[in-house]
Student: 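Before anything else, here's the structure in question.
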Number of protein chains: 2
Amino acid sequence: MTSIQTDSFAEQLDATAREVAALLESLLSPVPLAGEIARPDQLISAMRHGVLNGGKRLRPFLVIESAKLLGVPHQAAARVAAALECIHCYSLIHDDLPAMDDDDLRRGQPTVHIAFDEATAILAGDALLTLAFDILSAPETQLPAEVKLTLINQLARAAGVGGMVGGQTLDLHAEQTRPDEAGILRLQAMKTGALLRYACAAGAIAAGADSETLARMTRFGEVVGLAFQIADDLLDVTSDAATMGKATGKDAGRGKGTLVSLHGNDAVRSRLDCLVEEAASLLDPFGARAAALKQAAKFIASRDR
Amino acid sequence: MTSIQTDSFAEQLDATAREVAALLESLLSPVPLAGEIARPDQLISAMRHGVLNGGKRLRPFLVIESAKLLGVPHQAAARVAAALECIHCYSLIHDDLPAMDDDDLRRGQPTVHIAFDEATAILAGDALLTLAFDILSAPETQLPAEVKLTLINQLARAAGVGGMVGGQTLDLHAEQTRPDEAGILRLQAMKTGALLRYACAAGAIAAGADSETLARMTRFGEVVGLAFQIADDLLDVTSDAATMGKATGKDAGRGKGTLVSLHGNDAVRSRLDCLVEEAASLLDPFGARAAALKQAAKFIASRDR
């Protein structure tokens, strides 16, 4: 029974990933839109390389399922999901740059600055970030104007100086500043948590939901974000132990604290279980309709990817 | 008489620059807004370094004067102007990076990646680009929701793959591709023209102006953009001739074509005069109220800066 559910969840995740990829592909067409002058081949190719890379589209899945739960038309939800994925993909392109994490490979493919060059990678990231706001504000995103403005404003705040980009800055300096537990939690809430929180809140915003439902979905997104990060930190330790024969992971080894390095594997595994339970209970009022979102939270906590 | 007008124009430009700088300073406060988690000092400092640099704020001036001409409330216009300036400043920070133009100085100050580091400069640019859309979408920008969405959408298209960032990509490859006159004009219309065009169109969009007025202001912005670029190319030749004792300028010397390198100084000076005349005649229907905008076009064509 559990295995059948998991299989059908995996199929659902995969189907959504394919749909979002198709939408992103059409949004990254070489044909200029009204108000644009031309879309240079080189730049569009670099943007496509950074976006159409077989990603699991976890954030889009959360947007689309949260939106479905609250009755948002699917087409509008898919566009919000695509906008958020543009933000996520731009952040990976910039993160991979030599001045940042200096990664040559992502998902087994050369990163954008390797496949193209550094300048093009910077510009492709900039263009994807800009495109996210084009997508949300365009007439094709059929939602009430005030709702679209809230989606835009909250995305900007989740992604910008007070969210993801701010978190990346804190992370850059974490080796020197050695944040305490509160500092680590803040860093993680910004760097990875803010977009996941937005993904789950976006459905409620798009639905024009009441403040209690918005708060519930926002908290669900926070919990998913915390679970994502702990699972990531655990994976970091485990994969290093398996492949590199040492017990501490990449981030911990660099001197960046994580909850794992502070409290040990067993304690954070218990914490992870509690988070999955909290995520599920937050969705209880929605009954069986929330099954996919509950499974998504479980999947994110397991990090089978 | 002319000299008195010019002096009062210079004062007006300066007063607007001070006002816009004060607004930008308040928008770059270290205090997080609703929906933000924290604003890291390092990142806010780098953003402020890139923005609060004594710029002339030409684009904000064009926004504010176009908006005033068409009856847009000043406070809303100032916020649109500040958003556009965030985009302009982010583009300068990223342009100055080692992988791009590799400039150490801007306005006599160390560029952001010199004053901080490369990673912080990339992130400061990203955060400013994101902030522009926060500013436009926030409730404090008191304009009708549909108007704000159009301002956001047109800004995204002016700044993104089909506008400024696309133009920067074309410029990166101009030494190899050696564009013909049409190619040079397209590159320039994207790289520098798109934001100037937006600056002048934004007032009409914000005013909810009729399509004829919007087309007139958009054309005015295009003409100003063309004049800006020609003046820049002329300055490039002239300043090089004066300071480096050679007749060809930096861009022409790098093998990037300009209208100056194609047609010579005298021909483009005549073209510049025609553009200033066209700009003025486009504003004739507004009578004396358009004096500041006409002077701005003249100032931009003279490049006394």
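Proteins come first, then strands; the chains are lettered A, B, ... in the order of their sequence lines, and each starts at number 1. All values below come from the heavy atoms of this structure, side chains included, with hydrogens, waters and symmetry mates left out.
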Student: For the interface with chain B, which of A:E146, A:H94, A:R197, A:K148 has the highest count of heavy-atom pairs at distances below 4.5 Å?
Tutor: A:H94
Student: I'd like to know which of A:L128, A:L151, A:L33 tops the heavy-atom pair count under 4.5 Å against chain B.
Tutor: A:L33
Student: For A:L97, is it the side chain, the backbone, both, or neither that has a heavy atom closer than 4.5 Å to a heavy atom of chain B?
Tutor: side chain
Student: Does B:R186 reach the main-chain N or O of A:A38 with its side chain, forming a donor-acceptor pair under 3.5 Å?
Tutor: no
Student: With only heavy atoms counted, which part of B:Y90 is less than 4.5 Å from chain A, the side chain, the backbone, both or neither?
Tutor: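 Interface part for B:Y90: side chain.
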Student: Take atom CD in B:E140; do more than 12 heavy atoms of anything else shown fall under 6.0 Å from it?
Tutor: yes
Student: Side chain to side chain contact (heavy atoms under 4.5 Å, CB included) for A:Q168 and B:D126? Distances and angles first, verdict last.
Tutor: CA-CA 11 Å; A:Q168 287 169 313; B:D126 293 344; 5.6 Å; no
Student: Rounded to the nearest 0.5 Å, what's the gap from CD on A:Q42 to OG1 on B:T177? Could you check?
Tutor: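 So the CD of A:Q42 and the OG1 of B:T177 are separated by 9.5 Å.
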Student: When rounded to the nearest 0.5 angstrom, what is the spacing between CZ in B:R39 and CE in A:M190?
Tutor: 9.5 Å
Student: Tell me, side chain or backbone of B:M47 under 4.5 Å from chain A's heavy atoms, or both, or neither?
Tutor: side chain
Student: Between CG of A:L155 and CZ of B:F133, what distance do you get to the nearest 0.5 Å?
Tutor: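 Taking CG in A:L155 and CZ in B:F133, the distance rounds to 10.5 Å.
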Student: Within the structure provided, determine whether A:M164 and B:T130 are in side-chain contact (heavy-atom separation under 4.5 Å).
Tutor: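 Counting from C-beta outward, A:M164 and B:T130 never come under 4.5 Å.
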Student: Please determine, among B:A138, B:S91, B:A34, B:A159, the option with the most heavy-atom pairs under 4.5 Å with chain A.
Tutor: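 Among the listed options, the one with the most contacts to chain A is B:A34.
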Student: Measuring from B:L172:CG to A:T120:OG1, what's the distance to the nearest 0.5 Å?
Tutor: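 These two atoms lie 5.5 Å from each other.
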Student: Highest number of heavy-atom pairs under 4.5 Å with chain B: which of A:T218, A:D134, A:V165, A:D41?
Tutor: A:D134
Student: Which answer fits A:A121, side chain, backbone, both or neither, if we ask what part of it has an atom under 4.5 Å from a heavy atom of chain B?
Tutor: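 Contact with chain B is absent: no heavy atom of A:A121 under 4.5 Å.
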Student: Check whether any side-chain heavy atom of B:R157 sits under 4.5 Å from a side-chain heavy atom of A:I37, and report yes or no.
Tutor: no
Student: For the CG atom of B:N153 and the CD1 atom of A:I135, what is their distance to the nearest 0.5 Å?
Tutor: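 If I round to the nearest 0.5 Å, the distance is 10.5 Å.
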Student: Can you say whether B:H113 sits under 4.5 Å from chain A via the side chain, the backbone, both, or neither, judging by heavy atoms?
Tutor: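 For B:H113, no heavy atom lies under 4.5 Å from chain A.
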Student: Side chain, backbone, both or neither: which part of B:Q154 has a heavy atom under 4.5 Å from chain A?
Tutor: side chain
Student: Measuring only between side-chain heavy atoms, which start at C-beta, is A:I152 closer than 4.5 Å to B:L149?
Tutor: yes
Student: Where does B:A132 contact chain A at under 4.5 Å (heavy atoms): side chain, backbone, both or neither?
Tutor: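 The answer is neither part of B:A132.
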Student: Tell me, do A:P40 and B:H173 make a side-chain contact under 4.5 Å, heavy atoms counted?
Tutor: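 Not in contact.
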Student: Rounded at 0.5 Å granularity, tell me how far CD in A:E118 sits from CD in B:E118.
Tutor: 6.5 Å
